[in-house]
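Proteins come first, then strands; the chains are lettered A, B, ... in the order of their sequence lines, and each starts at number 1.
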Amino acid sequence: MTARTLAQLAAGLAARKYSSAELTQAALARVQGAQPRLNALISITAESAQAAAAVADERLAAGKAGPLTGIPMIHKDIFCTAGVLTTCGSRMLSNFVSPYDATVVARLKQAGMVMVGKANMDEFAMGSSNETSFYGPVKNPWDETRVPGGSSGGSAAAVAARLASLATATDTGGSIRQPAALCGVTGLKPTYGRVSRYGMIAFASSLDQAGVITVSAEDAALTLQAMAGFDPRDSTSVDAPVPDYRAALDAPLTGMKIGILKEFFGEGLASEVERPVREALATLVKLGAVVKEVSLPSLPLSVPTYYVVAPAECSSNLARFDGVRYGHRCAEPRDLRDLYTRSRAEGFGAEVKRRIMTGTYVLSAGYYDAYAIKAQKVRAVITDEFRRAFQDVDLLLAPTAPTVAFGLGDKTSDPITMYLNDIYTIGANLAGLPALSMPCGFAGGLPVGVQLIGPHFGEAKLLGAAHRYQQVTDWHLKTPAGFAEAFA
Amino acid sequence: MSLTSKEIETVAGLARLQLTPDEIPVYAQSLSRILGMVGQLDKAETGLVEPMAHPLAGQVQRLREDAISSGNERDLYQRNAPQVEAGLYLVPKVIE
């Protein structure tokens, strides 16, 4: 039995094969059934889902449905959802019921989507394995002794296990693409500024971007259509027209120039990952693409650049958690300083504290120029190398992650080993570029992802290339053995 | 690059994080490792390059009118507050 994509479910709803209430019931049963095994969710919102499904069914009956109306979905728990617990994977927010909806949440609600729950994630999106969550690690549905990747590990595992056909996600250094690769699903990180971040809990403001994890590129196009666009409530939102992403999917690849990133095919890349990635490139060539080797000599400095910029911004953003207006407060504070230091010590986990302190250090007097300013300069150099590359090619191709999913606990003892999981994804965040990961094969029974990176606002090109690839391959339709049956 | 326990205590103080005595050497070690890795940046040639704080060239942060855009939601927001009284957030005594 084939697992359903969002596009197939929408067709089924339109043809009255099932109602949104039935789909939602099936999704809730699947979510609840998988929870003890995968721990992919932090909250399950059965009651509000049933109410939303009833409204969606009315819209469908009245002929007022859009392509997303009535489809069950999951929001990463970094997005504020009015009246629903919004934890960001942290003890700090384990009691926070958001008073308002994030713009992404509001837009998908308006499109008629039915939220069935909130996805587990690394605490404050800081992690690459979902092991830093206050709510415990998520398991990879392909092998429950392995990690799903992170930080959007719950979103990726949920879509891989077909608990829903889509989940929202966010990407600061690879947090959409890396878990998508490790779980065998499609993940899109749009251009910085393309999707509103209003109501998305901030980690590193010059890098964070909202996106989506889906089964197919077509589904990502349909979802991005509803998510993208100017929002006056996000001062970094870009006021640029949103193209018709669905219409752009069928553009032929003939003559499309794909640059293969030389720096990302060397030491550190597992050969079992390199093989399917190169096969994906060969498939794109068969579809008409032209390959060119591209070198971005400063790209290997992405990881050290990121581990100055991201912690610096995180230390500023997380200063708001002070135990006064919301979030965790320690018991019986002696004075204001004790209130701050103990509430924060109790509310944040070890990795979050490590990043706050790293950021505080690089921003402190005497180190600011040597670290913070230097990293911002290297960031400019890397961005300029990308800009020059896109004068010659339409898209860049690289692996998404250096290895397949690793074992739970394997990389928790050394932060640097963990940070290197994002070696191929961080560049796109530093330069604000859109990028996508899609399944391209397996190694030892575990999924492998290939990454495409586009120029600013090049989402249509990215989605088009991925869609054409998915028309002639079926890696994206494979489901893990324990979760094979479709939910509708 | 090696951070001392004293430096970690200073940084934790600036970041308003209370650390236990056991945590200090652990963070000293991992922060030293991170800053050591970051040290690779020294070899990058960045002479006249302008530092980049925003990924989209030419974008400026928009400003909005300083005007009221929504109603008073104080009671709604204070539902998440650890301690409030008469519409005010309560904190330990600040001024003796």
Side-chain angles (χ1 to χ4, degrees), chain A residues 95-97 99 192-193 206-207 232 235-236 238 298 301 303-305 307-308 315 319 322-327 329 333-342 344-345 348 353-354 356-358 360-362 364 371 373-381 383 414-416 419 429-432 456, chain B residues 3 7-8 10-20 23 26-27 29-31 33-57 59-64 69-70 73 75-84 89-94:
Chain A
N95 57 3
F96 181 72
V97 176
Y192 184 82
S206 78
L207 301 161
S235 69
T236 62
V238 173
S298 301
L301 292 174
V303 175
T305 304
Y307 279 97
V308 174
S315 77
D322 56 6
V324 174
R325 290 150 302 147
Y326 52 84
R329 172 184 282 205
R334 286 190 311 277
D335 52 29
L336 201 55
R337 191 184 172 96
D338 184 49
L339 168 69
Y340 294 153
T341 58
R342 253 188 323 123
R344 289 165 63 79
F348 294 136
K353 287 179 198 168
R354 179 153 46 229
I356 290 173
M357 286 193 283
T358 306
T360 303
Y361 184 83
V362 300
S364 60
Y371 290 106
I373 294 295
K374 180 71 179 179
Q376 288 193 336
K377 288 182 175 179
V378 179
R379 183 178 183 181
V381 171
T383 304
D414 177 33
I416 307 282
Y419 295 172
N429 300 84
L430 292 174
H456 289 132
Chain B
L3 291 185
E7 285 173 302
I8 291 295
T10 306
V11 170
L14 289 170
R16 298 292 184 266
L17 287 168
Q18 188 181 76
L19 299 184
T20 63
E23 285 176 312
V26 177
Y27 285 116
Q29 202 226 357
S30 63
L31 260 70
R33 293 259 295 133
I34 293 165
L35 293 170
M37 183 266 286
V38 161
Q40 290 175 57
L41 295 177
D42 292 344
K43 67 185 180 202
E45 196 52 65
T46 53
L48 294 170
V49 177
E50 279 291 310
M52 174 180 148
H54 191 295
L56 299 180
Q59 280 285 328
V60 282
Q61 296 259 358
R62 280 184 327 279
L63 300 174
R64 63 169 174 80
S69 59
S70 60
E73 307 268 29
D75 293 346
L76 176 66
Y77 297 148
Q78 289 194 338
R79 274 187 221 162
N80 278 304
Q83 222 183 337
V84 285
Y89 294 93
L90 293 193
V91 293
K93 199 169 177 182
V94 180

remark   = From the list A/Tyr307, A/Phe348, A/Tyr192, A/Tyr340, the residue making the most non-hydrogen contacts under 4.5 Å with chain B is A/Tyr192
B/Asn80 (side chain) donor-acceptor with A/Val97 (main chain) under 3.5 angstrom = yes
key: Interchain contact, A/Asp338 with chain B, by part (heavy-atom threshold 4.5 Å)   = side chain
key: Under 4.5 Å from any heavy atom of chain A - which part of B/Leu90   = backbone
request  = Go through the atoms of A/Leu430 and report whether side chain, backbone, both or neither lie under 4.5 Å from a heavy atom of chain B.
outcome  = backbone
ask   = Given a strict heavy-atom distance threshold of 4.5 Å, which part of A/Leu339 is in contact with chain B: side chain, backbone, both, or neither?
value = side chain
ask   = Within the distance-only criterion (no hydrogens, no angle test), does the side chain of A/Arg344 pair as donor or acceptor with the backbone N or O of B/Arg16 below 3.5 angstrom?
value = yes
request  = Would you check if A/Leu301 and B/Gln40 make a side-chain contact, meaning some heavy-atom pair closer than 4.5 Å?
outcome  = yes
key: Residue B/Gln29 versus chain A: region with a heavy atom under 4.5 Å   = neither
Atom group of A/Ala375 that falls short of 4.5 Å from chain B, counting heavy atoms = both
key: B/Ile34 side chain reached by A/Arg354 side chain, heavy atoms, under 4.5 Å   = yes
message = When you compare the side chain of B/Met37 with that of A/Tyr419, does any pair of heavy atoms fall below 4.5 Å?
response = yes
ask   = Would one find more than 12 heavy atoms of other residues, nucleotides or ligands at under 6.0 Å from atom CD of B/Gln78?
value = yes
ask   = By a 4.5 Å heavy-atom criterion (distance strictly below it), what part of B/Glu73 contacts chain A: side chain, backbone, both, or neither?
value = neither
Give every donor-acceptor pair under 3.5 Å between a side-chain atom in residues 42-56 of chain B and any protein atom, sequence neighbours left out.
unit_1: B/Thr46; atom_1: OG1; unit_2: A/Lys374; atom_2: NZ; d: 2.8
unit_1: B/His54; atom_1: ND1; unit_2: B/Leu56; atom_2: N; d: 3.0
unit_1: B/His54; atom_1: ND1; unit_2: B/Leu56; atom_2: O; d: 3.4

query = In terms of heavy-atom pairs under 4.5 Å, which option from A/Asp414, A/Leu207, A/Val362 contacts chain B the most?
reply = A/Asp414
query = Is the shortest heavy-atom distance from the side chain of A/Tyr371 to the side chain of B/Leu35 under 4.5 Å?
reply = yes
message = Need one label for A/Thr383: side chain, backbone, both or neither, based on atoms under 4.5 Å from any heavy atom in chain B.
response = side chain
message = For chain A, which candidate among B/Leu14, B/Val11, B/Val94, B/Thr10 shows the most heavy-atom pairs at distances under 4.5 Å?
response = B/Val11
ask   = If you take all heavy atoms of B/Glu7 and A/Tyr361, which pair is closest and at what distance?
value = OE2-OH, 4.3 Å
message = Regarding B/Gln83 and A/Arg329, do their side chains bring together a donor and an acceptor under 3.5 Å, going by distance alone?
response = yes
query = Among B/Ser69, B/Gly39, B/Ala15, who wins on heavy-atom pairs under 4.5 Å with chain A?
reply = B/Ala15
key: Salt bridge flag under 4.0 Å for residues B/Lys93 and A/Asp335   = no
key: A/Val303 versus chain B, the contacting section by heavy-atom distance below 4.5 Å   = both
query = Do you know which of B/Val38, B/Ile8, B/Leu19 has the most heavy-atom pairs under 4.5 Å to chain A?
reply = B/Val38
request  = Just do the side-chain contact (heavy atoms from CB on, under 4.5 Å) check on A/Thr341 and B/Leu17 with the steps written out, would you?
outcome  = CA-CA 4 Å; A/Thr341 58; B/Leu17 287 168; over 6 Å; no
query = Quick one: of B/Leu3, B/Leu63, B/Val84, who has the most non-hydrogen atom pairs under 4.5 Å with chain A?
reply = B/Leu3
Separation of B/Ser30 OG from A/Lys353 NZ (nearest 0.5 Å) = 12.0 Å
inquiry  = Is A/Thr305 close to chain B through its backbone or its side chain, or both, or neither, when contacts mean heavy atoms under 4.5 Å?
reply    = both
ask   = Between B/Pro82 and A/Gly327, which heavy-atom pair has the shortest distance, and what is it?
value = CG-O, 3.9 Å
request  = Examine whether an atom of A/Pro415 lies under 4.5 Å from a heavy atom of chain B, and if so say whether it belongs to the side chain, the backbone or both; otherwise answer neither.
outcome  = side chain
